Engineer: 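So that we are looking at the same thing, I have put the structure below in structure tokens.
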2 protein chains.
Amino acid sequence: MARAASTPSALLSSDLIRAAGVKVTRGRVRVLDALQDARQPLCHSEVEAQLAGTEDTAIDRVTLYRILDSLVACGLALKAVDTRGVFRFSIAGGQRQHANHIHFRCTDCGGVFCLKAEPPPPPKLPRGFRLCEVEFDVRGTCATCSTRSAA
Amino acid sequence: MARAASTPSALLSSDLIRAAGVKVTRGRVRVLDALQDARQPLCHSEVEAQLAGTEDTAIDRVTLYRILDSLVACGLALKAVDTRGVFRFSIAGGQRQHANHIHFRCTDCGGVFCLKAEPPPPPKLPRGFRLCEVEFDVRGTCATCSTRSAA
DNA sequence: TCTCAAATGCAACATTGTTGCATTTACGCG
DNA sequence: CGCGTAAATGCAACAATGTTGCATTTGAGA
Ligand SMILES: [Mn+2]
Ligand SMILES: [Mn+2]
Ligand SMILES: [Zn+2]
Ligand SMILES: [Zn+2]
């Protein structure tokens, strides 16, 4: 089964940052690398933890907040709030390739799988309402997890 | 626009609370009244401000958090996070009456609005996958919030 | 190399939400 | 009504997340 995956592009973070028109700093490169490697949007503390796993020096907490916001400001990252009210960051553009099909989320392993079906058309909205995003969320257990739990 | 979870009845808050199976306290009645009167989901501080406008004594900050959560726990209120990561509360109606149509969630105020359209049918899944839940999430800004942000 | 706006580190602060515990209160029951 | 008790409240402390101000350092163009 085709797993939803991050971009296979070997574009260096430093190149992306330079192309975005902001200074290439060690912090920005490390954070963007972390977002690229991540398989889901990361919150501030998760990025911090990821960075702590490296041998490099730690980035200041406030600086990390500012780096994340700067990546969003220059279009390299996306910022969204999760159900607990915490901001999560992901690389921008990674979602575009998954725009015209729907996804299945395994509630067991957390995996996201691409389905063949197209997303349903957005409904008609009352006057004055502004559509921003339509998400068809299909949840359950994937084949692997279903087999394992049936055993 | 028909707001989701609007109660057509003039049921007293105290009756609703009693029927929900929890103790009828002055705080719960006042908070539920505030949510009923509100035209949009209110966050903690907004409920606090609303209550401060009355002549009654102020409710402790922690108690207000606990009252709001208790109203959610007993099914009288709904809790959703807004775009800034703040929880907003609104009165809940019967959820059964909202089974056959889809909803629009305002990412600004957290409000939930009933739409006329039916929910889309569940997609066909790959072999071995087990469907558990399907959710059609339509997000954007409601008429009120769209007007306000355009100003 | 020089220069300086941009980025960083650090301290302090703000907002939102939670936990522990002593006190008070709602309400079922005799 | 008056009791007993579990639930609810008030208060202090704490936690998590995010922001502001300011002095210092640094990326990168001239
Ligand atoms: Mn928050
Ligand atoms: Mn996909
Ligand atoms: Zn799975
Ligand atoms: Zn709204």
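Letters go in sequence order (proteins before strands), and every chain restarts at 1. Computed from a prediction, not measured in an experiment: that's the story for all the values here.
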Engineer: Between Leu16(A) and Gln36(A), which heavy-atom pair has the shortest distance, and what is it?
Structural biologist: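 Heavy-atom minimum between the residues: CD1-NE2, 3.3 Å.
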Engineer: Output yes when Arg66(A) and Asp69(A) qualify as a salt bridge under the 4.0 Å nitrogen-oxygen rule, no when they do not.
Structural biologist: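 Salt bridge: no.
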Engineer: Okay, side chain of Thr63(B), backbone of Ile59(B): is any donor-acceptor separation there less than 3.5 Å?
Structural biologist: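 Answer holds: no.
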Engineer: Check the pair Tyr65(A), Ile67(A) against side-chain contact (heavy atoms from CB on, under 4.5 Å), reporting the backbone distance first and the verdict last.
Structural biologist: CA-CA 6 Å; Tyr65(A) 274 114; Ile67(A) 286 174; over 6 Å; no
Engineer: Would you mind reading off the distance between Arg28(A) atom CZ and dT26(D) atom C1', rounded to a whole angstrom?
Structural biologist: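 Taking atom C1' of dT26(D) as the reference, CZ of Arg28(A) is at 12 Å.
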Engineer: To the nearest 0.5 Å, tell me how far Arg39(B) CZ sits from Thr144(B) OG1.
Structural biologist: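 Here the rounded value is 7.0 Å.
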Engineer: Please name all residues satisfying side-chain contact (heavy atoms from CB on, under 4.5 Å) with Ala20(A), sequence neighbours left out, ordered by chain then number.
Structural biologist: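 Only Cys74(A), Leu76(A) meet the side-chain contact (heavy atoms from CB on, under 4.5 Å) criterion with Ala20(A).
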Engineer: List the atom pairs, donor and acceptor, that lie under 3.5 Å between side-chain atoms in residues 44-51 of chain B and the rest of the protein, sequence neighbours left out.
Structural biologist:
{"unit_1": "His44(B)", "atom_1": "NE2", "unit_2": "Arg61(B)", "atom_2": "O", "d": "3.3"}
{"unit_1": "Glu46(B)", "atom_1": "OE1", "unit_2": "Cys43(B)", "atom_2": "N", "d": "3.0"}
{"unit_1": "Glu46(B)", "atom_1": "OE1", "unit_2": "Arg88(B)", "atom_2": "NH2", "d": "2.5"}
{"unit_1": "Glu46(B)", "atom_1": "OE2", "unit_2": "Arg88(B)", "atom_2": "NH2", "d": "2.7"}

Engineer: Between dG17(C) atom C1' and Phe87(A) atom CZ, what is the distance in whole Å?
Structural biologist: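 Rounding to the nearest Å, CZ of Phe87(A) and C1' of dG17(C) are 15 Å apart.
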Engineer: Where the side chain of Thr63(B) is concerned, which of dG18(D), dG9(C), dG10(D) is the nearest nucleotide?
Structural biologist: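 Closest of the options to the side chain of Thr63(B): dG10(D).
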Engineer: Do any of residues 42-55 of chain A sit with a heavy atom less than 4.0 Å from DNA chain C, and if so which?
Structural biologist: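 None, since no heavy atom is under 4.0 Å.
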Engineer: Can you tell me if the side-chain N/O atoms of Arg61(A) get under 4.0 Å from OP1 or OP2 in dC10(C)?
Structural biologist: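 For Arg61(A), the contact criterion (side-chain N or O under 4.0 Å from OP1 or OP2 of dC10(C)) is not met.
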Engineer: Measure the spacing between CZ of Phe136(A) and CG of Asp137(B) and express it to the nearest 0.5 Å.
Structural biologist: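 Interatomic distance, Phe136(A) CZ to Asp137(B) CG, rounded to 0.5 Å: 11.0 Å.
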Engineer: Distances under 3.5 Å only, N/O to N/O: pair up the protein atoms with those of nucleotides 20-23 of chain D.
Structural biologist:
{"unit_1": "dG21(D)", "atom_1": "O6", "unit_2": "Arg66(A)", "atom_2": "NH1", "d": "3.4"}
{"unit_1": "dG21(D)", "atom_1": "O6", "unit_2": "Arg66(A)", "atom_2": "NH2", "d": "3.1"}

Engineer: For the residue pair Ala34(B) and Leu42(B), what are the closest heavy atoms and their distance?
Structural biologist: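 Shortest heavy-atom separation between Ala34(B) and Leu42(B) comes out as O-CD1, 4.0 Å.
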Engineer: Can you list the residues that meet the side-chain hydrogen bond (donor to acceptor under 3.5 Å, both in side chains) rule with Ser70(B), with sequence neighbours excluded?
Structural biologist: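 Result, side-chain hydrogen bond (donor to acceptor under 3.5 Å, both in side chains) vs Ser70(B): Arg28(B).
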Engineer: Take atom CG of Leu64(A) and atom P of dG18(D), then tell me their distance rounded to the nearest Å.
Structural biologist: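 These atoms are roughly 10 Å apart.
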Engineer: Donor-acceptor pairs under 3.5 angstrom involving side-chain atoms of residues 112-122 of chain B: please list them, not counting sequence neighbours.
Structural biologist:
none

Engineer: For the side chain of Ile59(B), starting at C-beta, report the closest nucleotide among dG10(D), dG9(C), dT17(D).
Structural biologist: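 Among the listed nucleotides, the one closest to the side chain of Ile59(B) is dG10(D).
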Engineer: Between Arg84(A) (CZ) and dA15(D) (P), how many Å, whole number?
Structural biologist: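 These atoms are roughly 17 Å apart.
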Engineer: Under 4.0 Å from any atom of DNA chain D, heavy atoms only: list the residues of residues 14-27 of chain A that qualify, in numerical order.
Structural biologist: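 Residues of residues 14-27 of chain A under 4.0 Å from DNA chain D: Lys23(A), Val24(A).
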Engineer: How close or far is atom C1' of dG18(D) from atom CZ of Arg88(A), stated in whole angstroms?
Structural biologist: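 After rounding, the reported distance stands at 15 Å.
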Engineer: Among residues at least two apart in sequence or on other chains, which ones pass salt bridge (charged side-chain N to carboxylate O under 4.0 Å, His left out) with Arg26(A)?
Structural biologist: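 Partners of Arg26(A) under the salt bridge (charged side-chain N to carboxylate O under 4.0 Å, His left out) test: Asp56(A).
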Engineer: Applying side-chain contact (heavy atoms from CB on, under 4.5 Å), can you list everything that pairs with Val29(B), at least two apart in sequence or on another chain?
Structural biologist: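 For Val29(B), the residues satisfying side-chain contact (heavy atoms from CB on, under 4.5 Å) (neighbours in sequence not counted) are Ser13(B), Ser14(B), Ile17(B), Val24(B), Asp33(B).
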Engineer: For nucleotides 1-3 of chain D, print each protein N/O atom paired with a nucleotide N/O atom at under 3.5 Å, atom names and distance only.
Structural biologist:
none

Engineer: How many Å lie between OH on Tyr65(A) and C1' on dT15(C), as a whole number?
Structural biologist: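 One finds 12 Å between C1' of dT15(C) and OH of Tyr65(A), rounded.
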Engineer: Between P on dT17(D) and CG on Asp69(A), what's the gap in Å once rounded to a whole number?
Structural biologist: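 Distance, rounded to whole Å: 15 Å.
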Engineer: Measure the CD-CZ distance between Glu133(A) and Arg139(B) for me, rounded to the nearest 0.5 Å.
Structural biologist: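 CZ of Arg139(B) is found 4.0 Å from CD of Glu133(A).
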Engineer: How far apart are the closest heavy atoms of Arg30(A) and Thr54(A), and which atoms are they?
Structural biologist: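 Looks like NH2-OG1, 3.1 Å.
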Engineer: Once you round it to whole Å, what is the distance between C1' of dT9(D) and CZ of Arg30(B)?
Structural biologist: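 Nearest whole value for this atom pair: 13 Å.
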Engineer: Mind grabbing the angle between the end helix axes of the helix from dT1(C)-dA30(D) to dG30(C)-dC1(D)? Five pairs an end, 10° rounding.
Structural biologist: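 So the angle between the two local helix axes works out to 30°.
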Engineer: Can you name the residues that form a side-chain contact (heavy atoms from CB on, under 4.5 Å) with Val72(B), not counting sequence neighbours?
Structural biologist: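 Residues passing side-chain contact (heavy atoms from CB on, under 4.5 Å) with Val72(B): Ala77(B), Lys79(B), Phe89(B).
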Engineer: Nearest to the side chain of Asp60(A), heavy atoms from C-beta on, is which of dC10(C), dT16(C), dG10(D)?
Structural biologist: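 Side chain of Asp60(A) sits closest to dC10(C).
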Engineer: What closest approach, in Å, do Asp82(A) and Val81(B) show between heavy atoms, and which atom pair accounts for it?
Structural biologist: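 Scanning both residues completely, I find the closest heavy atoms to be O-CG1, 3.5 Å.
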